[in-house]
Amino acid sequence: MWGLVALVAVATLIGGILGGGVFVASRALGLSGGGGTTEETSGSGGGETMIIPTLTDTDRTPTDYITLRNVPEPPLPSSTYSDSPDASGEITLRSAQTSVAPLQTIDLSGTYNGADDGTSLQVQRFENGDWQVFDVTATVYSGEFSTYVQTGLTGENKFRVIDLTTDTASNDVVIDVG
C-alpha cells in the first residue's frame, strides 16, 4: 500500500515539474494561447507582428509598356506530323520515347488508313533475328491506334505492329531500354 502511495506522489511531483517547465518555455517563446493580460489578448498591446500599410493614391498614369515588337519568332519544333495522308493500307508506327528505364512505359501510336474501325493490330518485338509476338494489341479507330508496352529486356528493342488478317506490318521503332 505504501509503495502505491509513493508511486502516486512521485508521479505527481514529476508531472508538476514538467508541466511548469512547459508553461515557462511557452511563455518565453510567445506561444501562450491566452492567460495574458487584457491588453495582450485584445490586440492593442505590444505583441503585434503584422503591419498592414495604408494605400495612397499616386495620381500617376503608366507610361512604360512592355512590347514584343523586335523579338524574333522561336523556331518551330520538328515533328513527324504530315498534312498529306499516308497511303491507304499502310501502317505508320511512332513511339513517344526513344529511351526508357527497364519496365518504364513505352507509348506506341500510329495510323492505319483504310482499316476498318475495330481492326486489331498485334505488337511484335524483334528477337534473335525474327519478329516475336509481344502480348499486347492495339485497336484501330478512325484510322488511328495507340497502346503501350513495358519490357525489362535491356538494350536496343525494336517494336512493330502487324495486322495479322492482311499480313500488313508497320515500320519498326527502336527503343533503348536501360
Open item on the list: Would you say that Arg125 contacts Val149 through its side chain, given a criterion of any heavy-atom pair below 4.5 Å between the two side chains?
Closed with: no
- [ ] Determine yes or no for a side-chain-to-main-chain donor-acceptor pair under 3.5 angstrom, with Asn157 supplying the side chain and Gly155 the backbone.
- [x] yes
Open item on the list: Distance check, rounded to the nearest 0.5 Å: Ile175 atom CD1 versus Glu156 atom CD?
Closed with: 10.0 Å
Task: Minimum-distance pair of heavy atoms, taken over all atoms of Val123 and Thr147 - done: CG2-CG2, 4.1 Å
Task: Partner residues of Phe126 under the ring pair (Phe, Tyr, Trp, His ring centres under 6.0 Å) criterion, sequence neighbours left out - done: Trp131
Task: Residue Asp117 excluded, over 12 heavy atoms near CG under 6.0 Å - done: yes
Task: Where Thr105 and Val100 come nearest, the two heavy atoms and their spacing - done: O-CG1, 4.0 Å
TODO: With sequence neighbours excluded, tell me which residues meet side chain to side chain donor-acceptor pair (under 3.5 Å) with Ser142.
DONE: none
- [ ] Find out if a path of hydrophobic residues (ILVMFWY) with successive side-chain heavy-atom gaps under 4.5 Å connects Ile162 to Phe159.
- [x] no
- [ ] Measure across Val133 and Gln122 and return the closest heavy-atom pair with its distance rounded to 0.1 Å.
- [x] CG1-NE2, 3.3 Å
Task: Atom of Asn171, atom of Leu93 and distance for their closest heavy-atom approach - done: OD1-N, 2.7 Å
Task: For the student: nearest non-hydrogen atoms of Ser120 and Thr137, plus distance - done: OG-CB, 3.9 Å
Task: Atom CG of Asp130 with >12 non-hydrogen neighbours under 6.0 angstrom - done: yes
TODO: Could you tell me whether the side chain of Thr119 and the main chain of Val140 form a donor-acceptor pair under 3.5 Å?
DONE: no
TODO: Measure across Arg160 and Ala169 and return the closest heavy-atom pair with its distance rounded to 0.1 Å.
DONE: NH1-CB, 3.6 Å
Open item on the list: A quick test of your reading: do over 12 heavy atoms of other residues, nucleotides or ligands sit less than 6.0 Å from OH of Tyr148?
Closed with: no
Task: From OG1 (Thr92) to OH (Tyr112), nearest 0.5 Å - done: 11.0 Å
Task: Donor on one side chain, acceptor on other, Asn113 and Glu90, under 3.5 Å - done: no
